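To start, the structure under review is shown below, and the notes come after it.
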There are 2 protein chains.
Amino acid sequence: MALAHAIMTALLDADLSGSELSRDFETSLGFFWQASHQQIYQELHKLADKGWLNRREVQQSGKPNRIVYGLTQAGREALADWVFGKTRMQSAKDELLLKLYNLNAQNAQHLANEITQRREDMMQRLYLYEKVRRTHYAEPAALPTRHKGVYLALAAGISHGEQFLAWCDEALALLSTVEPA
Amino acid sequence: MALAHAIMTALLDADLSGSELSRDFETSLGFFWQASHQQIYQELHKLADKGWLNRREVQQSGKPNRIVYGLTQAGREALADWVFGKTRMQSAKDELLLKLYNLNAQNAQHLANEITQRREDMMQRLYLYEKVRRTHYAEPAALPTRHKGVYLALAAGISHGEQFLAWCDEALALLSTVEPA
DNA sequence: CTGGGCATGTAATTCGTTACATGATTGG
DNA sequence: CCAATCATGTAACGAATTACATGCCCAG
């Protein structure tokens, strides 16, 4: 049931449409939660049926109409309760590390390429995160309470990203010592 | 299909039974791949049917018999091929960070407790990882090729863990500035 | 000889992914 | 007008979780 709460969390600050939520799950929120647009649309229907979200259609000139969802009071309460429940999920699955277990002279170059690619993706992401930090969270201790939590999630993303870059460098250095087949 | 390859990877060095695999997925491998025993038993049957694993029963005095699985030649080849395919999964889902988005004066203490708990779990895990590194991977550049890959996965776990501890400290410090309700 | 734990498994349900569909809009 | 794109959605399938089941051995 965690996707439901992820969606409601994304709606705390602003009402959003399915595609806007989808984009959030690819960028900011995407660091610690992923969901496809298909999942999101399904879940939005379920949540609206449950009475945790309300739904309204917004006319747009020169664009398809958006269907915008917002938290109801019941939704806010369900979300607040959920925070006190048991926290279970902390899954991390990474095929790349699995593949490294299979390292040999034949595939070393291939794996090095994959790591290089990921390094670049992470740099890109870090650049965005750092920009957000500078512009909105320069002085964490002075933030309003809820924003402190958002800042901490951002900080987790940034420090994980920096650690990852360093690991990539170590990995590429070590892989370069593997003699090609 | 990645669970199949995770299991085969775990069987590269030694033949294992379902419960032994299960334990591996909780500890070493568990850092970047998780699987329940139910999933593992199901997948073992599938893989044996496919001819990628062989299966033999080992009599044990004073214990239930173990059913031990090992890679076949076909399994080794399928695994080697898989390394060259597209690497998609890098999912990370963490309810705790999601909950931090919902930070307020009421739940700050609860969240601080959860972070403290996770910090201790991670310390425990790091202690094990560091011990393995010291005893088996003291000089990475001198390792045989495949072990270099295993080392890199371990190194990813360790540096991620260290980063996480630092983040926990930052988080606890900032949470302590939230006035209780 | 019984209660608890371990190794192995099955079944039902929920969650997530892949593939496909539809209408409307904008760029060329 | 045609191709590409966006927003919304459905269907089928595969993966993962939850709940339950069975036999066997050990400790008390």
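Note that the coordinates shown come from a computational prediction; the quantities given were computed from them, not determined experimentally. Here is how names work: the chains are called A, B, and so on, in the same order as the sequence lines, proteins then strands, and each is numbered from 1.
Atom CD1 of A/Ile40 and atom P of D/dC6 are 16 Å apart (whole Å). Atom CG of B/Leu16 is separated from atom C1' of C/dA7 by 14 Å (rounded to the nearest Å). If you measure from atom CD of B/Glu26 to atom P of C/dC6, you get 11 Å, rounded to the nearest angstrom. Rounded to whole Å, atom P of C/dG16 lies 18 Å from atom CD of B/Gln90. Atom CZ of B/Arg88 and atom P of D/dA15 are 9 Å apart (whole Å). Atom CZ in B/Arg56 sits roughly 17 Å away from atom C1' in C/dT8 (whole-Å rounding).
Other residues, nucleotides and ligands contribute only 12 or fewer heavy atoms inside 6.0 Å of the CE atom of B/Met123. Within a 6.0 Å sphere centred on NE2 of B/His136, other residues, nucleotides and ligands contribute 12 heavy atoms or fewer.
Taking the charged nitrogens against the carboxylate oxygens, A/Asp49 and A/Arg55 have no contact shorter than 4.0 Å, which rules out a salt bridge. A/Glu26 has no carboxylate O lying under 4.0 Å from a charged side-chain N of A/Arg23, or vice versa, which leaves the two without a salt bridge. For B/Arg66 and B/Glu57, the salt-bridge test fails: no basic side-chain N is under 4.0 Å from an acidic carboxylate O.
The side chain of B/Arg23 contributes an N or O atom lying less than 4.0 Å from OP1 or OP2 of C/dA7.
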Protein and nucleotides 8-12 of chain D: nitrogen or oxygen contacts under 3.5 angstrom:
unit_1: D/dT8; atom_1: OP1; unit_2: A/Ile67; atom_2: N; d: 2.8
unit_1: D/dT8; atom_1: OP2; unit_2: A/Ser19; atom_2: N; d: 2.9
unit_1: D/dT8; atom_1: OP2; unit_2: A/Ser19; atom_2: OG; d: 3.2
unit_1: D/dT8; atom_1: OP2; unit_2: A/Tyr41; atom_2: OH; d: 2.9
unit_1: D/dT8; atom_1: O5'; unit_2: A/Tyr41; atom_2: OH; d: 3.4

Find every protein N or O atom lying less than 3.5 Å from an N or O atom of nucleotides 13-15 of chain C, and list the pairs.
unit_1: C/dC15; atom_1: OP1; unit_2: A/Met1; atom_2: N; d: 3.1

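Note: B/Tyr41 and B/His37 have perpendicular aromatic rings, judged against thresholds of 30 and 60 degrees for the angle between ring planes.
Checked against side-chain contact (heavy atoms from CB on, under 4.5 Å), A/Gln73 has the following partners two or more places apart in sequence or in another chain: A/Arg76, A/Glu77.
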**Request:** Applying side chain to side chain contact (heavy atoms under 4.5 Å, CB included), run through A/Thr9 and B/Lys99 and close with a yes or a no.
**Result:** CA-CA 8 Å; A/Thr9 296; B/Lys99 287 186 175 182; over 6 Å; no
